[in-house]
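Shown next, in structure tokens, is the structure this report addresses.
When a ligand or atom number is given, it counts from 1 through the structure's own listing order.
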Amino acid sequence: MENHRAEEEILTVKGLSVSFTQYDRGFGRKEIQAVTDLDLRIRIGEIVAVVGASGSGKSLLAHAVMGILPYNASMSGEILFKGTPLTSGRVRRLRGRELVLVPQSVTYLDPLMKTGQQLTKGRKNPEILEKCKNILSSCGLGLEVMDKYPFQLSGGMARRVLISTAAMEDAELVIADEPTPGLDKKTAMGVMDHFRQMADRGAGVLLITHDLELAVRSADRVTVLYGGRTVEETEAFSFLDEGLLKHPYTKALCRSMPGKWPSADALENDRESGIPDEGILEYMRKEYGR
Ligand SMILES: Nc1ncnc2c1ncn2[C@@H]1O[C@H](COP(=O)(O)OP(=O)(O)OP(=O)(O)O)[C@@H](O)[C@H]1O
Ligand code: NI
């Protein structure tokens with residue numbers, strides 16, 4: 001992975017739309033548009049965060065890239081991995097190797113397999129075991145978890161095993177779907193350090209999270225979704241200065257970060273923010289129709 005041009009895109013998503021067909025009793029079919037015309041780019045060495053409220057389409061984006069959308073979903077748009085279309089055959093070959101997902105739900109761990117086997121995929125050479133040990137320890141876990149089945153782990157431990165499983169592969173694209181709930185801040189930052197190391201070695205990382213603060217601290221760029229659409233795409237540092245953000249929804253999100261509440265005085269004189277008096281959610285409902 002050494003000789004890539006720095007500007008090379010690992011992942012290119014162009015105009016992605018995902019919809020579901022629902023059948024109502026007696027009323028026929030209804031199309032539900034869940035993701036609309038989404039663009040996203042991840043270059044080598046980059047961590048790109050996707051943030052947005054529950055139901056804004058973050059996991060669907062991840063699942064579309066991984067080729068694991070549910071059977072009743074249909075998608076359109078283009079998804080390229082290293083500049084070449086990610087066809088269903090290609091994604092099947094790359095999944096779990098060059099293309100790795102840290103799924104949102106820990107139920108993705110195989111309940112019948114000890115975690116050690118899931119981590120090493122049965123490989124027993126000393127280098128693999130050493131690597132496994134290092135990765136587990138950077139996620140705050142000891143080697144003893146390798147001898148346990150998933151049901152013997154707490155939710156937070158299972159999540160860390162999932163992250164470690166992904167980190168074991170020298171993936172070129174890692175998609176982490178809400179990797180940090182249930183982890184304390186220190187462990188969460190440890191996990192993010194790990195993703196940063198992977199990026200430094202030439203991978204691209206897509207970090208999906210509710211946690212805007214984590215996104216701003218760990219990612220290079222942040223894409224904000226609302227109702228399946230991109231509201232704003234910006235450098236992470238823009239969140240340190242609200243004036244660099246464009247959309248009122250992003251500004252409102254920025255203000256919701258801990259320690260980010262503007263003073264009463266600032267709010268009194270707040271003509272610049274563009275955050276409407278009616279409240280941001282009411283505004284978004286009108287603008288985005290949901
Ligand atoms: N199998 C499905 N059938 C119908 N609608 C679906 C299906 N899966 C997802 N959706 C809809 O698509 C929208 C986006 O879902 P998605 O799981 O991507 O949200 P999310 O941003 O990941 O939310 P969360 O933060 O809660 O994980 C939701 O409104 C959801 O209702
Ligand atoms: Ni999700």
Original post:
How about Leu86 and Leu94: do any of their side-chain heavy atoms sit closer than 4.5 Å?
Top reply: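 Heavy-atom side-chain distance check passes, below 4.5 Å.
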Can you find a heavy atom in the side chain of Thr120 that is under 4.5 Å from one in the side chain of Met146?
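Yes, their side chains come closer than 4.5 Å.
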Need the ligand 1 atom indices (1-based, order shown) with element for anything under 4.0 Å from a heavy-atom of Ser56.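 Selected atoms, number and element: 19 (O), 21 (O).
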In terms of side-chain geometry, is the basic nitrogen of [X] or [Y] positioned less than 4.0 Å from the acidic oxygen of its partner?
X      : Y      : answer
Glu169 : Arg97  : no
Arg229 : Asp39  : no
Glu46  : Arg41  : no
Glu213 : Lys185 : yes
Arg43  : Glu8   : no
Asp170 : Lys131 : yes
Asp147 : Lys114 : yes

Among all protein heavy atoms, pick the one closest to [atom] and tell me residue, atom and distance.
atom                    : result
atom 23 (O) of ligand 1 : Gly55 N, 2.8 Å
atom 18 (O) of ligand 1 : Leu60 N, 2.9 Å
atom 27 (O) of ligand 1 : Gln104 NE2, 2.8 Å
atom 25 (O) of ligand 1 : Lys58 NZ, 2.7 Å
atom 24 (P) of ligand 1 : Ser54 OG, 3.6 Å
atom 8 (N) of ligand 1  : Phe20 CZ, 3.5 Å

Q. Would you say Ser54 reaches the Ni ion (ligand 2) with an N/O/S atom under 2.8 Å?
A.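 Given the 2.8 Å cut-off, Ser54 does not count as a ligand of the Ni ion (ligand 2).
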- prompt: Does Ala53 come within less than 4.0 Å of ligand 1, judged by its heavy atoms?
  reply: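 Within the 4.0 Å threshold, so yes.
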Mind checking whether [X] has an N or O less than 3.5 Å away from an N or O of ligand 1?
X     : value
Pro70 : no
Gly52 : no
Ala34 : no
Gln22 : no

Which is closest to atom 17 (O) of ligand 1 by heavy-atom distance: Ala73, Ser59, Gly57?
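Among Ala73, Ser59, Gly57, the closest heavy atom to atom 17 (O) of ligand 1 belongs to Ser59.
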**Message:** Below 30° counts as parallel, above 60° as perpendicular, anything between as tilted: where do the rings of Tyr249 and His247 land?
**Reply:**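 Answer is perpendicular, since the angle exceeds 60°.
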What is the ring orientation for His63 with Tyr108, classed by angle as parallel under 30°, tilted 30 to 60°, or perpendicular over 60°?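 Rings of His63 and Tyr108: tilted, as their planes differ by 30° to 60°.
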Check each heavy atom of Asn72 against ligand 1 and say whether those closer than 4.0 Å belong to the side chain, the backbone, both or neither.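 Near ligand 1, Asn72 shows its side chain, while the N, CA, C and O stay back.
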Inset, instruction - Pick one of side chain, backbone, both or neither for how His63 approaches ligand 1, counting any non-hydrogen atom pair under 4.0 Å. - result: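 Within the 4.0 Å criterion, His63 makes no contact with ligand 1.
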message: Less than 4.0 Å from atom 2 (C) of ligand 1, is there any heavy atom belonging to the protein?
response: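 Protein heavy atom within 4.0 Å of atom 2 (C) of ligand 1: present.
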Would atom 31 (O) of ligand 1 count as contacted, meaning some protein heavy atom under 4.0 Å?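 Protein heavy atoms within 4.0 Å of atom 31 (O) of ligand 1 - there are none.
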